[in-house]
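Atoms considered below: every heavy atom in the structure, side chains included; atoms not considered: hydrogens, waters and symmetry mates.
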Amino acid sequence: MNLGKYKNLIFYITTIAVFSCLMYYFIIEGQTLEVKENIVAKTSGGSTWENFLESFKTNLHHPLALLLAQIVTIIMTARLFGWICMKIKQPTVIGEMIAGIVLGPSLVGMYFPEFSAFLFPKESLGNLQFLSQIGLILFMYIVGMELDLSVLRKKAHDAVVISHASIIIPFALGIGLSYFVYQEFAPEGIQFTSFALFIAISMSITAFPVLARIVQERNLQKTKLGTIVITCAAADDITAWCILAAVIAIVKAGSFASSIYVIIMAIAYVFLMIKIVRPFLKRIGDLQAGKNTISKPMVAIFFLTLILSAYATEVIGIHALFGAFMAGAIMPENTKFRTLFIDKVEDVALVLLLPLFFVFTGLRTQIGLLNDSHLWMTAGFIILTAVLGKFAGSALTARFVGINWKESLTIGALMNTRGLMELIVLNIGYDLGVLSPEIFAMLVIMALFTTFMTGPALDFINFIFKSKKNQDELIHENDSKYRVLLSFDKPESGSTLLKLAHNFTHKMNGNKSITAMNIAPVDEMHAYDINEYEDSQFQNVIETSHDLNLEVTTLFKASTDIESDLTSITNKGHYDLLLIMLGKSMYEGSLLGRLLGFTTKIINPEKLLNTVKGKGNIFNNSPFDDFTLQILDKTNIPVGILVEKDFKVADKVFVPIFNLSDFYLLEYAKRLINNNNSQVIILDAAGQIRNNIEVKELIRSIEQVAPNHITLYNEKKIEKEFLNSQDLMLISSKSWKNLIDTKSLWLSDIPSTLIISNP
């Protein structure tokens, strides 16, 4: 017997046995050392099962276990409501705000009090508050980084006038509103000045991050309007946070005179950050220039700057969030550097920690306190004042400086967006004891309403000013060009699809139009680097178009719902063919994917083929991913889906015809012959072409124009070498599905394949 073969197993068993016996010996001997009268048996007084249940209940209420359960519940609920809001074309932040209210006493606490008391007991809220504050500090750091101060310096002018008017007008109206509600709703012992200042600042705030996402989603970022409104919001943010810092100082000190020292310290702090810390951080950032990563020591320096800045402003008395905002604003202005750093912070801050703040706010919001018509009328009056001050104030000022009515009203609607920034202000006021639970609930409702109305208001404004017939639509209706739209997610995919589109249209000269479209998720971009992001996405496409001497139109859009926007643009654009690449997210567009945030990509074609041969099932019995299926269902033009295997050019094309419904593929084969001089082989797989006069006539007409470019095969068996020698296979979506279902041996050897679906 060869013991060498089993030596590892023998050593393993021997080691386990020897040391197990040694441990057993020490345990038995150790028990003799116990002083029996001092030992209390934990198992006394009940059965083993009862003791287990008691231990399990104790573990459930352990602070860490409870906090983890709260985080899981909060994130799942926030993602669910965020996904619902995204589907109805609303910012996801609205869903997250609603999720907080739902989990609070206004809904779950009212109808499921036992569950609410178990999941959110009062003694656990301190931990939740501190974690949510960490999330807010990171969030404000990101907001500061997303501000492009260079834009403010270059393009302030009218924008600053509009921005400051959009603060002073609602601020004044907020002071006036306070006069009418102070006696009834101000907490006992709070001075009118403190109460009025917080009501006024809550009227004046604009949610810069939400506004920036809406501008990107509606493709306004490159327009003059988009530049003005982003600049307005940035100036608004800086001004509002400076005012808020002063307000906090005044409230904490008790009077303006007492707050002078705090304000002086705050000014000194700002001077120190701009004149000393900012140049220091710039030098550190320059060391990282050209690199695609940030070293851990560098990350540590910037996080220390953030924490020290937040600590300094908290100690001074103007709140830690102002320090976090300031730390972000003075970060090195290198776009790539900021993007890398934001990517490190954003996921943890926005996905994990920020939803805790929404729920903590929801736990404070008691809508049930508004239990009579008078209180709801007061809430309505607050909303009206907020909308008049911000919407009307911004719109009228914009019109006064010479902007047309449509754009002025659009600016007003966007500046009226309050979102998360409003909740931050309200929570600070609540923590300081300036806002009572009733007025706090009313202002939270106002924040929700003004954020929710932004989308419908923009749509209504566009509807009012929409002409009867868009000139571009008239041009399209009278245009006989063959229009190809290619949609890509990665730059290299765009280049490949452009080469394919060129093969279909090369010799059409002025009778063709090719549009390359990239629809990017809004949450992948930041307000300050939108242009750089777009340039990087289209770089390969532009380079390929120059190589091919091909004129191409680029179309970029930021979106919260890629599927809907893609189908909408496709259906409204009068295109003749849509080209996409197989390989979108498996779960994109599904509820599960929206909730869990999956970004797993469909694996490469080789792995796809392994799946077909029985080595996996990533498609759940579907030949396409969920995203592609939705596109096929909702578009009303032909769609070409490319399964890419190093596609370069379509010189040799293979077209299998499995049944009569596949004959439309010959039209695409004809285009490749006419425009690319492709050699096309038609496989009569079902034996139906030889007896079909119409198809024979079509093949004959092709041969007359391009002799020796089309060949008809009748062979039942296709050799591997033949498939490997082809550049491209054209196949119908129905036949592709059949190949997948039958696990055809072809699939292991096919070339790049264009699956064409006719509507």
Side-chain angles (χ1 to χ4, degrees), residues 148 151 212-213 215-224 226-227 230 290 292 334-340 342-343 472 481-506 512-563 565-570 572-573 575-585 588 599 601 627 631 639-642 644 646-649:
D148 190 349
V151 172
R213 297 297 189 268
V215 167
Q216 290 169 4
E217 183 190 343
R218 291 181 177 258
N219 237 27
L220 298 174
Q221 67 275 3
K222 281 194 166 184
T223 64
K224 181 183 177 183
T227 302
I230 285 289
N292 292 321
N334 183 289
T335 302
K336 187 175 182 180
F337 180 82
R338 286 197 177 195
T339 301
L340 287 171
I342 287 176
D343 288 342
D472 289 340
K481 290 182 178 179
Y482 186 73
R483 299 181 175 276
V484 180
L485 173 67
L486 54 96
S487 178
F488 64 95
D489 58 343
K490 294 181 179 179
E492 56 271 21
S493 300
S495 177
T496 302
L497 290 174
L498 184 60
K499 292 174 185 175
L500 180 61
H502 180 64
N503 285 174
F504 276 106
T505 60
H506 177 45
K512 65 182 176 184
S513 172
I514 298 177
T515 302
M517 176 172 66
N518 179 250
I519 304 180
V522 168
D523 55 11
E524 283 189 8
M525 290 168 291
H526 311 292
Y528 67 88
D529 71 344
I530 183 72
N531 291 333
E532 184 169 316
Y533 184 95
E534 180 179 347
D535 290 342
S536 67
Q537 290 296 92
F538 283 103
Q539 182 178 353
N540 286 22
V541 168
I542 299 300
E543 289 175 357
T544 302
S545 69
H546 290 160
D547 292 341
L548 299 174
N549 194 25
L550 175 65
E551 184 177 341
V552 61
T553 303
T554 59
L555 174 61
F556 178 78
K557 181 172 176 57
S559 172
T560 56
D561 191 345
I562 294 177
E563 171 199 306
D565 284 330
L566 174 55
T567 53
S568 175
I569 292 170
T570 301
K572 294 178 181 179
Y575 296 104
D576 298 292
L577 177 64
L578 168 65
L579 294 177
I580 61 176
M581 188 86 77
L582 187 65
K584 289 286 182 179
S585 170
E588 192 167 346
T599 56
K601 298 294 181 182
F627 178 89
I631 299 303
V639 179
I641 306 142
L642 181 64
E644 200 261 342
D646 195 27
F647 175 79
K648 293 292 188 298
V649 67

Within a strict 4.5 Å, meaning less than it, do heavy atoms of the [X] and [Y] side chains meet?
{"X": "T554", "Y": "I542", "result": "yes"}
{"X": "K490", "Y": "N540", "result": "no"}
{"X": "K512", "Y": "L550", "result": "yes"}
{"X": "L500", "Y": "F647", "result": "yes"}
{"X": "L577", "Y": "L579", "result": "yes"}

Identify which one of V484, L555, I569 satisfies the side-chain contact (heavy atoms from CB on, under 4.5 Å) criterion when paired with T515.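 Testing each of V484, L555, I569 against T515, the sole residue satisfying side-chain contact (heavy atoms from CB on, under 4.5 Å) is L555.
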Restricting to non-hydrogen atoms, name the atom on [X] and the atom on [Y] that form the minimum distance, rounded to 0.1 Å.
{"X": "S513", "Y": "K481", "value": "CB-CD, 4.3 Å"}
{"X": "S536", "Y": "P491", "value": "O-CG, 3.7 Å"}
{"X": "F538", "Y": "A516", "value": "CE2-O, 3.3 Å"}
{"X": "L497", "Y": "S487", "value": "CD1-O, 3.5 Å"}
{"X": "V541", "Y": "S495", "value": "CG2-N, 3.9 Å"}

Nearest 0.5 Å, please: how far is [atom2] in [Y] from [atom1] in [X]?
{"X": "L498", "Y": "L548", "atom1": "CG", "atom2": "CG", "result": "6.0 Å"}
{"X": "Q539", "Y": "T544", "atom1": "CD", "atom2": "OG1", "result": "10.0 Å"}
{"X": "I562", "Y": "T567", "atom1": "CD1", "atom2": "OG1", "result": "11.5 Å"}
{"X": "N518", "Y": "D489", "atom1": "CG", "atom2": "CG", "result": "7.5 Å"}
{"X": "E563", "Y": "I519", "atom1": "CD", "atom2": "CD1", "result": "11.0 Å"}
{"X": "L642", "Y": "K499", "atom1": "CG", "atom2": "NZ", "result": "11.5 Å"}

Between T496 and E492 (side chain of the first, backbone of the second, donor and acceptor by atom type, cut-off under 3.5 Å), is there such a pair?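 Between the backbone of E492 and the side chain of T496 there is a qualifying donor-acceptor contact (under 3.5 Å).
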